[in-house]
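Down below is the structure, laid out as structure tokens.
These numbers were taken from a predicted model, which means no experiment stands behind them. Keep in mind that the numbers below use all heavy atoms, side chains included, and drop hydrogens, waters and symmetry copies. Each chain gets a letter, A, B and so on, in the order the sequences are listed, and its residues count up from 1.
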Protein chains: 2
Amino acid sequence: MPKVGMEPVRRKALVDAALSVIGDRGSLTVTMSEIARRAGVSPALAHHYFGSKDRLLIETIRFLLRQLRDDSVKALKRADTPRARLSAIIRVNFQADQFAPETIAAWLAFYAEAQRSEETRRFLVIYARRLRSNLLADLRRLCPADAAERIAEGAAAMIDGLYIRQSLRSVPSSIEASISLTEDYISSALAPHSKED
Amino acid sequence: MPKVGMEPVRRKALVDAALSVIGDRGSLTVTMSEIARRAGVSPALAHHYFGSKDRLLIETIRFLLRQLRDDSVKALKRADTPRARLSAIIRVNFQADQFAPETIAAWLAFYAEAQRSEETRRFLVIYARRLRSNLLADLRRLCPADAAERIAEGAAAMIDGLYIRQSLRSVPSSIEASISLTEDYISSALAPHSKED
DNA sequence: TTTTATTGATTGATCAGTCAATCAAAAATA
DNA sequence: TATTTTTGATTGACTGATCAATCAATAAAA
């Protein structure tokens, strides 16, 4: 089996496996053995490539973040008006794969971890800021700066809140319902500033 | 020392200690020894009274929930108009002690735990439903039923979202800012339904 | 004396992390 | 081309630490 060039393959497989195990378990208290087993390698190999469990977990959250960023960039490219761009941002956050129970569980686990790990916290702060500033950029074109800031703050909070509420699987709020709730918030918050009507 | 009637005293001390340790650590992966130490007793005593770590944790979240419910009941008693009651609900959720970093960390930890523990999940679902139905009751008096449902959903999500965003301590959003953001959401969502203007 | 409160000592399980050894491909050499 | 050397990939077995849970023993009240 020892073919050369396995490193990137194994790293990817281990990060995928970590995400999958974390999603299933809904917690970061997963063992290296379990992750390695799902990736089809030995626990020792996971340590070989990542050095420690913490590093593997950090790489895993970076992966999650990168994916969301890439999706955002792609979606924003397809939208032209400020209002369409706002809708695109909302849609990306509630995309099917983002809204899958395992993905939500993983994000939640990382939020909890951020209370202990400074590095994890930094990554999540990056996410929070990015969401806020993406919204802000387009809102500024639709209303005064101070209103834009408030609406961005509110919309970001609503998105995160719909997300966390979804994690309880209590009121099976659908993707569409979440999107339209956020859309309506932005629309009615913008209403007083719209030129027409 | 063995004075009779210590059980309720110890139970309370242990639950308080658990909450405190969880808040500090920002995680449920805390040891019984640590909790017991903070409560000033031996780990064995904690097991004696609670049977297991899981039970102690469950009692701890029940305590958190009961506290929030009691505060809500008290606040609602002081408000008379529907709109004032809505404000009261919002204010309770952003109360100083609820918004303290350790409390937020504890809630977050329990949300993560809810992915694994059915019992923990049930408790959080109760919280989510209560918030929603408290809001709903008064909203129904201010707008049509379908709009009330949507606004309740949105406001609950915004509250939870502001909460989780606060946990990152990135944009030091103040209590007042969070309250007014939620108030504004409700006001502007209600605007189209208001009799005047 | 019986009951309640309390603990120290111990056990058994779980895990992250280490390490020496193996195996096979690739590169170097003959 | 054939042979040897080097190197990357991989693992099984092990270690040390941590921790939940148990239990027998003690001490003080009732």
Could you check how far [atom1] of [X] sits from [atom2] of [N], rounded to whole Å?
| X | N | atom1 | atom2 | answer |
| --- | --- | --- | --- | --- |
| B:Arg11 | C:dA5 | CZ | P | 11 Å |
| B:Leu28 | D:dA20 | CG | C1' | 15 Å |
| A:Leu45 | C:dC23 | CG | C1' | 14 Å |

Query - Residues B:Arg121, B:Glu118: salt bridge by 4.0 Å N-O rule - result: yes
List in chain and number order the residues that pass side-chain hydrogen bond (donor to acceptor under 3.5 Å, both in side chains) with [X], two or more places apart in sequence or in another chain; answer none if no residue qualifies.
| X | result |
| --- | --- |
| B:Tyr49 | none |
| B:Thr29 | B:Ser27 |
| B:Glu183 | B:Arg83, B:Ser87 |
| A:Gln115 | none |

Query raised in the report: Does a nitrogen or oxygen in the side chain of A:Tyr49 sit under 4.0 Å from OP1 or OP2 of D:dA9?
Result: yes
Query raised in the report: Within less than 4.0 Å of OP1 or OP2 of D:dT10, is there a side-chain N or O belonging to A:Arg10?
Result: yes
Query raised in the report: Out of curiosity, does A:Tyr163 fall in the hydrophobic cluster containing A:Ile126 (side-chain heavy atoms, cut-off under 4.5 Å, transitive links)?
Result: yes
Sequence neighbours excluded, every pair satisfying ring-ring contact (aromatic ring centres under 6.0 Å, His included) that has a member inside [range]:
| range | result |
| --- | --- |
| residues 4-35 of chain B | none |
| residues 19-47 of chain B | none |
| residues 62-92 of chain B | none |

**Report entry** side-chain contact (heavy atoms from CB on, under 4.5 Å) involving A:Ala17 - partner list, sequence neighbours excluded
**Finding:** A:Ile35, A:Arg38, A:Ala39
Side-chain donor-acceptor distances from residues 99-111 of chain B under 3.5 Å, at least two apart:
unit_1   : atom_1 : unit_2  : atom_2 : d
B:Thr103 : OG1    : B:Asp97 : O      : 2.7
B:Trp107 : NE1    : B:Gln98 : OE1    : 3.3

Report task. Enumerate the residues from residues 19-26 of chain A whose closest heavy atom to DNA chain D is under 4.0 Å, giving them by residue number; use none for an empty result. Result -> none
Query raised in the report: Which part of the nucleic acid, if any, lies within contact of A:Phe50, taking any heavy atom under 4.0 Å across all strands shown: a base, the sugar-phosphate backbone alone, or nothing?
Result: nothing
Report task. Indicate for each nucleotide in nucleotides 11-19 of chain C, in 5' to 3' sequence, whether protein heavy atoms under 4.0 Å reach the base (B), only the sugar-phosphate (S), or nothing (-). Result -> ----SSBBB
Query raised in the report: What is the bend of the helix from C:dT1-D:dA30 to C:dA30-D:dT1 when you compare the axis at one end with the axis at the other, using five pairs each and rounding to 10°?
Result: 10°
